4 protein chains.
Amino acid sequence: MTNATIAASTAAAHDTAHRFRGIIPPVITPRTAAGRIDLESLRRVTSHLLDGGVDGLFILGSSGEVPYLTQEERDLVATTVIDASDGTVPVLAGANEQTTERVVAESQRLADLGIDALVVTAPFYALSDQGEIARHFRTVKERLDLPLFAYDVPVRTHVKLSVDVVRDLAEDGVLAGVKDSSGDDVAFRLLKLATEQLPEFRVFTGHEVVVDGALLGGAHGAVPGLANVDPAGYSRLYASAADEDWSAARREQDRLARLFGIVDVAEAGISAGAAGLGAFKTALQLLGIIKSNRMSEPMRSLGASETDRIHRLLVEAGLL
Amino acid sequence: MTNATIAASTAAAHDTAHRFRGIIPPVITPRTAAGRIDLESLRRVTSHLLDGGVDGLFILGSSGEVPYLTQEERDLVATTVIDASDGTVPVLAGANEQTTERVVAESQRLADLGIDALVVTAPFYALSDQGEIARHFRTVKERLDLPLFAYDVPVRTHVKLSVDVVRDLAEDGVLAGVKDSSGDDVAFRLLKLATEQLPEFRVFTGHEVVVDGALLGGAHGAVPGLANVDPAGYSRLYASAADEDWSAARREQDRLARLFGIVDVAEAGISAGAAGLGAFKTALQLLGIIKSNRMSEPMRSLGASETDRIHRLLVEAGLL
Amino acid sequence: MTNATIAASTAAAHDTAHRFRGIIPPVITPRTAAGRIDLESLRRVTSHLLDGGVDGLFILGSSGEVPYLTQEERDLVATTVIDASDGTVPVLAGANEQTTERVVAESQRLADLGIDALVVTAPFYALSDQGEIARHFRTVKERLDLPLFAYDVPVRTHVKLSVDVVRDLAEDGVLAGVKDSSGDDVAFRLLKLATEQLPEFRVFTGHEVVVDGALLGGAHGAVPGLANVDPAGYSRLYASAADEDWSAARREQDRLARLFGIVDVAEAGISAGAAGLGAFKTALQLLGIIKSNRMSEPMRSLGASETDRIHRLLVEAGLL
Amino acid sequence: MTNATIAASTAAAHDTAHRFRGIIPPVITPRTAAGRIDLESLRRVTSHLLDGGVDGLFILGSSGEVPYLTQEERDLVATTVIDASDGTVPVLAGANEQTTERVVAESQRLADLGIDALVVTAPFYALSDQGEIARHFRTVKERLDLPLFAYDVPVRTHVKLSVDVVRDLAEDGVLAGVKDSSGDDVAFRLLKLATEQLPEFRVFTGHEVVVDGALLGGAHGAVPGLANVDPAGYSRLYASAADEDWSAARREQDRLARLFGIVDVAEAGISAGAAGLGAFKTALQLLGIIKSNRMSEPMRSLGASETDRIHRLLVEAGLL
């Protein structure tokens with residue numbers, strides 16, 4: 001992207017900012033019991049989320065099991081959700097690859113399918129410093145004419161995006177925003193302050209149980225995996241915060257935080273990753289939205305006793 | 001402590017809960033330029049904090065450079081602050097030692113000096129699991145007849161207190177509360193929910209820039225190092241939150257978060273620990289409350305250029 | 001792979017074991033100054049290594065910058081080295097992908113190009129436990145009829161392969177061996193002991209400066225990045241160890257360990273990853289084997305002052 | 001210490017070097033079933049080690065449960081072992097405290113009791129950088145007129161001593177040597193090379209199962225916890241290495257590595273720390289050298305089933 005293009009892009013940023021706000025669930029990827037992508041269930045998940053009032057859809061994220069999907073499966077998910085949502089809300093997509101050139105190739109494919117924005121992590125498997133990370137995002141933005149969100153997820157990439165680097169990239173119009181799943185609420189607040197002169201720059205939290213506090217601190221929205229299960233709850237939470245009715249926001253958040261207990265019901269022999277995503281899938285199965293809670297290989301799916309416990313928590317949360 | 005004593009202790013917990021709330025700064029330990037504990041400056045810090053409206057004083061914490069203090073110096077700090085505060089607010093003290101028996105010995109000495117509550121970390125240098133950590137706190141509580149707060153600081157102890165263990169210890173009357181400096185706001189919220197049936201149990205955040213969100217989420221107060229510099233600001237923030245005036249709380253928090261930039265002014269050659277604590281000391285020196293910003297050996301003290309930058313931030317925050 | 005196939009594969013394992021031993025450098029991937037794969041230089045590197053007496057070639061490893069290569073570039077490297085080595089030694093290739101199905105697809109492509117063995121890591125970006133890791137390797141082996149080596153590199157995957165899991169996979173004929181770059185020499189020795197009843201199972205160290213000790217402890221060879229620069233030195237080291245002339249092995253290792261100082265010459269602004277691989281490339285450029293020390297984006301290439309220091313170390317090592 | 005004193009100290013270093021070499025077990029601290037230090041058993045352990053031909057005794061290390069011992073207990077251990085060993089071999093003692101001034105105080109007490117050398121870690125609980133760590137060791141050496149060994153144990157201190165800092169301290173006569181329990185065999189070899197111009201500087205490995213490789217690489221000895229159980233085995237291993245009979249060294253090491261399996265027999269509910277030290281104590285109890293395998297609080301002691309498994313491994317190792 002030339003400087004002229006960056007300027008134009010910045011001019012367009014105001015619209016972008018208006019489009020990207022609120023609750024943007026990281027859409028799960030249902031599979032049939034046999035292990036194939038379940039397109040019908042994926043369409044029902046999309047409708048469930050739109051009916052719940054969400055403001056965007058983030059496909060091919062960690063909650064969407066993106067590292068486990070083949071290229072063909074990734075394309076299938078993208079085309080299905082883009083078609084099912086039919087332009088009602090923006091579709092953001094994770095271009096989940098190890099390093100710059102591979103991210104560019106992945107992004108190009110997704111761009112051709114019609115997504116509205118890219119979500120890109122720092123390089124992984126590679127061992128990068130902050131300088132390389134900055135060049136990584138700059139190169140991706142130069143090569144793709146789409147709003148670019150940084151996905152800060154050190155539990156997976158094993159590097160935290162520094163506040164200084166993100167602010168620089170925001171000021172230069174490279175990044176439209178950040179999805180913060182770092183678990184570092186101190187850095188999150190400092191980033192919000194560091195970018196307060198950039199009203200178009202978007203800051204989203206990726207954590208399910210602290211959305212009220214993040215919104216109080218100035219976040220523009222949230223990307224909570226649990227919103228797959230209860231999109232209406234998160235939409236109410238966001239609306240209360242927008243109305244500055246913080247007591248209502250807190251009550252909704254507390255209810256959702258209790259519901260989040262579903263990610264802890266897994267017994268020994270299930271990895272932490274499979275436990276969390278498996279809980280979302282099992283809940284959606286219990287709600288009648290997807291047909292199977294089957295996980296991508298080599299993750300195990302949750303069983304009967306775990307399903308019972310999730311059922312109980314759904315009842316307590318008023319969802320069943 | 002026998003079961004009967006625990007019951008009596010639980011009966012007393014309601015009063016305890018009322019005494020321990022609000023802003024409880026971790027009091028810094030001033031030194032003279034020659035390196036000795038500066039008792040006169042320590043008395044002035046105490047007055048400065050009380051004048052700022054704080055609700056308690058936490059001495060011998062990390063901000064008090066406790067790992068660097070000899071036994072004699074620790075006693076000197078305790079007697080000085082207990083005397084200077086004269087019972088106006090409770091004095092909590094860190095019994096900072098590696099393992100159980102050493103913590104008990106340290107606690108006994110501090111108890112004899114008249115502190116109001118103990119603050120104890122998980123064992124460190126030792127390699128402990130959650131079972132050993134639970135036994136550690138139970139033993140300390142059995143041996144000392146004082147309210148016991150767990151100090152969760154994995155950046156130093158390298159172990160996170162699990163929500164389940166803390167909840168069990170809270171239910172059994174072992175812990176009166178927790179000071180959470182883990183940086184894990186998700187676990188913090190889940191702990192708050194897990195102990196909501198225990199109204200006497202206290203949950204404090206140790207992080208300077210997310211106090212508004214923590215209070216919104218139900219925290220009973222904060223133990224922010226930066227409150228050494230601006231106790232009145234944190235007191236206003238707490239009062240606004242208590243009044244459910246969250247907009248005012250957020251504005252105050254944002255101002256304090258900008259002031260927190262003083263911990264980042266240090267140049268190369270200063271460790272992260274020395275940079276943060278050195279900034280608090282330098283600010284207090286600029287405010288005329290302590291005489292020297294001298295750090296404990298082997299930490300380096302901040303110099304002229306760093307002092308200039310801190311001066312600027314104090315002016316921007318309205319403190320100079 | 002059926003049980004019958006596993007049995008056949010086990011029968012073939014003895015030959016496999018004979019083929020996979022000694023010094024197997026992780027081949028670097030030269031680029032032209034303009035950034036394209038430099039096929040001519042890659043052929044010269046291959047000849048340089050074969051002339052140096054190496055026992056195998058490991059392409060598409062971390063030293064080969066595999067996370068930075070596009071699919072097309074990976075294929076180009078594979079076909080070029082397979083062609084240039086012409087069957088003189090086995091060619092092992094890294095199927096470097098995030099999870100099982102993606103590894104299988106990558107492996108199939110490489111298998112079709114004619115490689116002799118696969119080198120596969122634990123899943124990455126994904127958050128896997130040891131059970132999922134075991135299923136991952138089992139599935140890859142079931143789907144590909146090639147010797148399978150586990151690449152244990154927790155600095156990149158952020159999970160250590162447990163001794164128990166690797167031993168189980170070895171006993172079941174899933175793994176032909178392991179390339180250990182974990183830096184955990186204690187686990188390395190315990191793995192060697194745990195598999196001593198499996199004489200065909202191969203254990204290689206990936207660390208440049210402890211090859212003599214690893215061979216003394218029973219390792220079957222080494223995969224040292226530095227062998228790109230001095231293959232003859234590592235071949236002599238291996239030969240001395242095979243002759244049980246441990247004094248000679250140690251002397252050669254000490255010389256190579258001093259030469260390894262080239263990875264530390266980089267100045268500020270170069271990441272640790274780029275510093276190490278950049279040093280290998282710069283040394284090969286100074287030795288006249290490759291044309292440019294250009295790194296894959298977004299890594300920076302080493303400059304003039306670093307090249308000077310590497311030149312000096314090459315002279316001290318007797319290579320220039 | 002003045003420069004003149006350092007010079008004198010350097011002059012004395014040659015003798016020091018001769019005194020500190022070979023097998024120096026980190027002596028375990030036996031307790032009675034009731035939990036008190038068992039002085040009689042400690043005397044028997046000392047005799048057992050001396051009979052096994054060890055070259056020194058390292059008391060108050062991690063294997064000696066030093067973080068769990070009160071000051072009185074530490075003194076008791078020191079006086080007992082110094083008395084029981086009666087000058088036959090040097091006694092090194094850990095001055096295990098958080099920071100410089102506290103280490104100095106601890107060291108002075110131990111020096112007064114008659115130890116021959118100090119073993120000191122980087123500061124812990126404190127958050128130190130390499131500059132502070134260097135000042136820490138310099139200050140301790142200035143204040144104590146005893147050979148000073150650095151104990152590099154990042155699993156406990158959470159900071160690795162850099163090769164550059166240790167080399168500088170070695171060149172300046174501050175450090176007489178290092179006990180490396182970092183598990184980083186690459187850095188260990190590079191440190192050995194970096195100090196090869198300082199023939200008096202001692203490098204010891206703290207790892208039980210890689211002593212043969214460490215000695216081949218130039219280490220001057222080992223401080224293996226398992227040598228409490230089989231001092232004669234480690235003495236034979238060292239003697240074989242000194243004779244350059246590396247095949248014999250490896251065979252002995254392999255036998256000892258199998259015996260090291262005793263640290264893995266613990267069942268769920270025992271921490272990793274308690275499992276390892278508890279195994280040494282249980283083995284010594286089975287060998288009739290100490291009366292109880294009781295651990296310091298809050299660690300649990302091993303039980304009957306674990307004792308059975310340790311018995312079997314002792315038999316297999318030829319010790320029973």
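Since the model is a prediction, treat every value here as computed from it, not as a measurement. In what follows, chains are A, B, ... by sequence order, proteins preceding strands, each numbered from 1.
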A:R300 atom CZ, neighbour heavy-atom count above 12 within 6.0 Å: no

Under 4.5 Å from a heavy atom of chain A, the part of B:L216 involved: both

Nearest-0.5 Å distance that lies between atom CG in B:D184 and atom CG in A:D184: 10.5 Å

pair A:R189-B:D212: side-chain heavy atoms closer than 4.5 Å: yes

Pairs of heavy atoms under 4.5 Å with chain A: top-ranked of B:D185, B:L215, B:V186: B:D185

Per-residue contact mode, A:E196 against chain B (heavy atom under 4.5 angstrom): side chain

Part of A:L193 within contact of chain B (heavy atom distance under 4.5 Å): side chain

